[in-house]
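Only this structure's heavy atoms are used, side chains among them; waters, hydrogens and symmetry mates stay out. Numbered from 1 within each chain, the chains take letters A, B, ... in sequence-line order.
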2 protein chains.
Amino acid sequence: MPTEPLSRGRIVAAAIDLIEREGADAISMRRIAAELGVGVMSLYNHVPSKDALLNGVAEAVLSEIEFTDDPDAHWADRVRTQARAFRQIASHYPRSTMLVVSRQLHSAAGLLPVERALATLRSAGFDGAEAVSMLRVFIAYIVGSLLREVGVTPAFAPAHTRTISPVGVDAALFPEVSSLASLLDECDHEEEFEFGLEMLIQAAAARAERGSGEQGSRGQASRQRGSREGTR
Amino acid sequence: MPTEPLSRGRIVAAAIDLIEREGADAISMRRIAAELGVGVMSLYNHVPSKDALLNGVAEAVLSEIEFTDDPDAHWADRVRTQARAFRQIASHYPRSTMLVVSRQLHSAAGLLPVERALATLRSAGFDGAEAVSMLRVFIAYIVGSLLREVGVTPAFAPAHTRTISPVGVDAALFPEVSSLASLLDECDHEEEFEFGLEMLIQAAAARAERGSGEQGSRGQASRQRGSREGTR
DNA sequence: ACCTGAACACCGTTCAAGT
DNA sequence: ACCTGAACACCGTTCAAGT
């Protein structure tokens with residue numbers, strides 16, 4: 001009594017469900033098939049391989065995040081909104097986050113956020129090259145933040161396993177780490193995310209102002225990369 | 001004729017070798033054992049599990065990067081040097097990078113870079129809480145950058161598979177993406193890394209200056225997180 | 001203490017057979 | 001077109017047996 005016909009969508013949904021319930025390590029074609037009450041090989045009628053299925057999972061998760069965008073808002077606010085939308089992945093699909101972040105998606109699901117971000121950065125006055133570089137910087141920061149937030153914790157790492165607690169760190173070898181142990185131990189992920197986001201936006205704003213008149217300023221700045229000379 | 005006795009170190013080295021040669025997906029306890037010319041179960045005399053072995057791989061890779069640090073240099077230069085040291089992972093051990101980045105290490109190998117970074121940030125005048133937050137921001141950016149750089153490409157993705165080439169993107173739906181396709185297609189990873197690094201250092205420097213007099217400024221700034229108000 | 005083969009409970013995917 | 005069981009070539013790890 002097949003309540004509903006098998007389909008790519010149902011398979012992907014079952015996979016997401018299983019990942020969020022038991023962790024990314026727990027998923028296998030056989031488990032998913034069992035979850036759907038079908039034979040393993042039935043899955044291959046709708047999905048070419050496990051790898052393709054995982055791409056489907058990443059796409060589905062990414063396309064489910066809310067991407068409201070107000071084109072009339074200040075560009076900095078639009079960047080904030082878009083960055084926070086990405087962070088929703090970590091809270092809505094914590095155990096699938098690694099998957100979303102570690103597979104580059106060449107589909108519309110991945111292209112739409114990029115399109116919006118580029119439009120926003122161009123509206124701030126950046127030229128194409130600047131907008132692309134800036135977008136890459138923001139994405140790198142967001143991806144790294146999400147990875148920290150979801151911890152990539154193996155299944156259910158007990159919260160009591162203190163990692164850098166005052167006890168266990170040699171205060172002579174690591175004075176800073178041991179004196180800041182309590183701060184390193186706990187982390188308000190939202191506050192931390194916002195802190196870095198503001199740093200990046202501030203740096204971007206400084207470049208937006210500076211760049212309004214001069215043309216090749218960024219090209220020069222990037223040309224002196226790799227030099228070991230300091231700021232001052 | 002056992003040329004050399006089996007040891008944790010030899011096993012980890014063989015694992016790294018195998019990963020760099022055939023990709024992270026290719027490694028298995030059985031393959032590593034075969035590589036070393038021993039039975040699979042012999043590995044378990046020196047390593048409790050595959051998971052522990054992978055932690056060992058991450059540790060070994062991390063501890064092999066050069067961490068020169070000149071305490072007399074300007075703090076911004078020290079940050080630059082340390083950030084670039086991390087990026088060496090991507091060039092020296094591209095296919096192990098994901099492993100290093102996705103496992104939090106509670107060993108000395110992971111603690112030393114943290115200790116140096118905190119000392120550097122404190123020398124810039126940041127208090128403990130600021131230094132810890134700032135460190136997290138830099139790490140998030142670096143981690144995200146490395147992930148982009150190593151591509152997490154499945155084994156040997158042919159370079160000819162153009163992902164966002166001008167052809168294949170609907171210019172009406174994605175005007176920015178399609179007009180900036182050539183810029184999005186290619187990426188000078190070093191230049192890109194330096195670009196974002198300078199943005200973060202600039203933002204950090206602005207906070208270092210501002211914070212020299214006032215005490216609770218950062219606490220206030222972070223307290224207004226989540227507000228939808230803009231910059232201006 | 002260190003090594004090991006057999007065995008167990010899993011994998012992803014191919015193939016030939018069904019409807 | 002869709003489903004499927006058997007089979008193949010793999011996994012990580014336990015266990016009991018060896019030295």
Side-chain angles (χ1 to χ4, degrees), chain A residues 1-19 21-59 95-96 98-99 102-103 152-157, chain B residues 1-19 21-59 95-96 98-99 102-103 152-157:
Chain A
M1 54 187 91
T3 52
E4 220 176 326
L6 204 51
S7 70
R8 188 188 145 96
R10 288 222 313 141
I11 294 172
V12 168
I16 294 177
D17 224 62
L18 191 53
I19 291 173
R21 230 178 328 121
E22 306 194 16
D25 291 341
I27 93 155
S28 72
M29 298 302 270
R30 293 170 129 100
R31 289 278 275 114
I32 294 168
E35 210 81 14
L36 290 165
V38 300
V40 205
M41 292 320 296
S42 305
L43 303 181
Y44 288 87
N45 291 311
H46 304 90
V47 155
S49 67
K50 185 187 184 183
D51 197 68
L53 171 55
L54 294 183
N55 279 335
V57 168
E59 265 178 51
R95 311 179 91 162
S96 303
M98 190 63 173
L99 227 48
S102 68
R103 317 197 146 231
V152 193
T153 119
F156 282 119
Chain B
M1 52 187 92
T3 52
E4 220 176 327
L6 204 51
S7 71
R8 188 188 145 95
R10 288 222 312 142
I11 294 171
V12 168
I16 294 177
D17 224 63
L18 191 54
I19 292 173
R21 228 176 331 119
E22 305 194 17
D25 291 340
I27 92 155
S28 72
M29 298 301 271
R30 293 171 128 101
R31 289 279 274 112
I32 295 169
E35 210 81 13
L36 290 164
V38 300
V40 205
M41 292 320 296
S42 305
L43 303 182
Y44 287 87
N45 291 310
H46 304 89
V47 156
S49 67
K50 184 187 185 185
D51 197 68
L53 171 56
L54 294 183
N55 279 335
V57 167
E59 265 178 51
R95 310 178 92 161
S96 304
M98 190 63 174
L99 227 48
S102 68
R103 317 198 145 231
V152 193
T153 118
F156 282 119

Residue closer to the 5' end of DNA chain D, A:R30 versus B:M29 (nearest nucleotide): A:R30

Given DNA chain C, 5'-ward residue of the pair B:V40 and A:S49, judged by closest heavy atom: B:V40

Distance-minimising heavy-atom pair for A:L99 and A:L54: CD2-CD2, 3.9 Å

Rounded distance in Å - CG (B:L43) to P (D:dT14): 13 Å

From A:L53, A:V12, A:N55, residue fulfilling side-chain contact (heavy atoms from CB on, under 4.5 Å) relative to A:V47: A:L53

A:K50 NZ - C:dT13 P separation (whole Å): 8 Å

Value in whole Å for how far the C1' atom of C:dC2 lies from CZ of B:R10: 14 Å

Per A:S42 side chain, nearest of listed nucleotides C:dT4, D:dT13, D:dC3: D:dC3

Nearest-Å distance for atom pair CZ/C1', residues A:R8 and D:dC2: 17 Å

Strand partner of C:dT4, provided both Watson-Crick or wobble distances fall under 3.5 Å: D:dA16

Salt-bridge criterion met for A:R10 and A:D17 (N-O under 4.0 Å): no

Short side-chain N/O contact from A:Y44 to OP1 or OP2 of C:dT14, under 4.0 Å: no

Distance, rounded to the nearest Å, where A:I27 contributes CD1 and C:dC10 contributes P: 17 Å

Basic-acidic side-chain contact under 4.0 Å: A:R103, A:E59: no

Side-chain N or O of B:H46 closer than 4.0 Å to phosphate OP1/OP2 of C:dC3: yes

Length of the CD1-P vector between A:I11 and D:dC2, whole Å: 11 Å

Sugar-phosphate only, base, or nothing, as touched by B:S28 at under 4.0 Å among non-hydrogen atoms: sugar-phosphate

Side chain of B:N45 (C-beta onward), nearest among C:dC2, D:dC11, D:dA7: C:dC2

Options D:dT13, C:dT14, C:dC3, nucleotide nearest the side-chain atoms of A:M41: C:dT14

Rounded distance in Å - CD1 (B:I32) to P (D:dC11): 10 Å

Interatomic distance where CZ belongs to A:R31 and P belongs to C:dA9 [whole Å]: 16 Å

Identified side-chain contact (heavy atoms from CB on, under 4.5 Å) partner of A:L43 from the options A:R8, A:R30, A:K50, A:M29: A:M29

